[in-house]
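To keep things clear, I will list the structure first and then write my remarks on it.
Predicted, not measured: the structure shown is a model, and the values here were computed from it. Just so you know, ligand 1 is whichever comes first in the structure, and atom 1 is the first atom listed for that ligand.
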Amino acid sequence: MKWLVIILTLAHVMANLPSPTEIGTKVAVSAVKQYLKSKFNGQDSVVGDLMSLRGALPPDVNLEEHSGFFQGDIVLDDAYIDGLVNSMLRNAYIGYDSRWPNNTVPYEFNHKDFDEEQQDAIREGMNLISNKTCVKFRPRLPKDKVYVNITGNATGCYAHVGYYPGLIKGTRVLNYAPHPPGQGCLKNGTIVHEQLHTLGFQHMHSTYDRDKWIRVIEENIMPEALSFFAIFTSDQVSNLGVPYDIQSVLHYSPLAFSRNGSYTIEALKPYEGLMGQRDYVTESDWLRVNRHYDCPGAWDEPDKKICDLC
Ligand SMILES: *[C@@H]1O[C@H](CO)[C@@H](O)[C@H](O)[C@H]1NC(C)=O
Ligand SMILES: *[C@@H]1O[C@H](CO)[C@@H](O)[C@H](O)[C@H]1NC(C)=O
Ligand SMILES: *[C@@H]1O[C@H](CO)[C@@H](O)[C@H](O)[C@H]1NC(C)=O
Ligand SMILES: *[C@@H]1O[C@H](CO)[C@@H](O)[C@H](O)[C@H]1NC(C)=O
Ligand SMILES: *[C@@H]1O[C@H](CO)[C@@H](O)[C@H](O)[C@H]1NC(C)=O
Ligand SMILES: *[C@@H]1O[C@H](CO)[C@@H](O)[C@H](O)[C@H]1NC(C)=O
């Protein structure tokens with residue numbers, strides 16, 4: 001799409017940008033919950049709502065941005081909401097220890113949701129992550145009390161953020177609508193995008209210093225989705241010493257949650273590649289995973305480690 005082919009030069013510096021809403025207030029969280037409840041969750045109208053929403057957008061839109069959850073694809077659970085409300089969530093890039101124990105993610109495909117080809121495509125994402133980092137995935141063993149339940153609900157692509165140590169027994173959700181491999185939720189970058197949520201990562205634009213890199217154009221955002229553009233504070237997230245990356249596979253597209261087809265995100269500096277691409281994982285995406293999991297060699301200067309929990 002032409003609109004995606006942007007290498008923006010900074011034409012104007014925005015003065016007096018409104019300071020972004022902070023996520024960690026009860027009001028913000030209850031607004032999010034109310035919105036999700038009224039718009040998407042659990043109702044028969046879900047599909048209709050999502051479809052009309054998608055209908056207004058380009059056909060190659062990132063489906064996970066429109067899957068009906070917080071920020072599009074993040075499944076809220078009580079722990080996460082508590083974190084939002086109490087500002088105890090040291091998440092995004094370092095969570096309530098959001099790292100899977102032993103750098104190992106046990107998973108199970110929900111029975112019969114995917115055919116062999118689809119399972120292979122999802123496993124290929126895991127293999128890629130394992131090739132690039134010290135994180136491993138393996139089928140769940142009976143001894144694993146906490147594991148990822150890979151489901152194929154047709155309503156979209158979404159996931160819980162990270163492991164949650166308070167969960168002694170149970171599953172974390174990782175959902176892909178069972179599209180043909182290469183399309184929709186099973187586009188290879190989208191497969192990895194959701195898996196990076198599973199590993200404990202938030203969306204790139206949620207981090208506290210994003211306003212140095214992008215301008216969020218609030219007037220073009222659907223009012224109900226404004227809170228999806230709120231930021232986490234530096235007490236809540238760590239960038240792990242890796243600079244903001246507009247090409248990140250975790251970055252929203254420039255039309256995310258647009259009310260009318262006008263851009264909702266604009267780059268403030270020139271950059272290469274495409275904002276919101278889901279074709280590849282960038283080197284800085286990999287570095288962040290390696291640092292979050294304290295993989296060998298990830299910190300070239302160990303005394304500069306920015307790893308709150310390790
Ligand atoms: C799929 O998602 C919809 C909407 O969130 C929900 O109503 C339905 O129960 C889900 N189905 C499964 C099997 O999780
Ligand atoms: C992590 O590894 C240790 C040592 O091998 C083992 O005792 C422990 O059960 C493992 N934890 C998990 C959750 O797999
Ligand atoms: C991971 O590396 C192995 C061994 O080098 C290779 O066979 C496999 O194709 C790689 N997988 C991916 C998804 O890159
Ligand atoms: C996995 O999720 C699906 C869909 O929500 C659910 O039906 C199934 O019971 C879950 N499996 C486990 C083991 O929790
Ligand atoms: C979208 O809405 C905003 C706010 O009303 C407006 O400024 C912008 O021009 C609109 N864009 C289009 C393409 O209509
Ligand atoms: C996705 O597929 C394309 C084309 O085969 C390939 O160039 C790219 O590296 C793949 N990306 C991921 C994240 O697997």
N149 to ligand 4: N or O pair under 3.5 Å?
-> yes

Near ligand 2 (heavy atom, under 4.0 angstrom), the protein residues are P101, N102

Using side-chain contact (heavy atoms from CB on, under 4.5 Å) as the criterion, list what pairs up with L167, not counting sequence neighbours.
-> V146, Y164, R172

Within one Ile-Leu-Val-Met-Phe-Trp-Tyr cluster: M222 and Y252, side-chain cutoff 4.5 Å = yes

For E219, atoms of ligand 5 separated by under 4.0 Å from a heavy atom | 3 (C), 4 (C)

Kindly write out the residues that satisfy side chain to side chain donor-acceptor pair (under 3.5 Å) with D115, not counting sequence neighbours, or none if the list is empty.
-> none

Find all atoms of ligand 4 within a distance of less than 4.0 Å from any non-hydrogen atom belonging to T151, and give their numbers and elements.
-> 1 (C), 2 (O), 3 (C), 4 (C)

Which ligand 4 atoms, with their elements, are less than 4.0 angstrom from a heavy-atom of T171?
-> 14 (O)

Walk me through it: do T264 and N220 pass the test side chain to side chain donor-acceptor pair (under 3.5 Å)?
-> CA-CA 6 Å; T264 55; N220 294 338; over 6 Å; no

Quick one: salt bridge (Lys or Arg N to Asp or Glu O under 4.0 Å) partners of D245, sequence neighbours excluded?
-> none

Would you confirm whether Q118, through its side chain, and P181, through its main-chain N or O, come within 3.5 Å as a donor-acceptor pair?
-> no

Taking distance alone, with no angle check, do R259 and ligand 5 share an N/O pair under 3.5 Å?
-> no

Residue I168 excluded, over 12 heavy atoms near CD1 under 6.0 Å | no

Is there a side chain to side chain donor-acceptor pair (under 3.5 Å) between D285 and S248 once you walk through the steps?
-> CA-CA 6 Å; D285 286 330; S248 168; 2.6 Å; yes

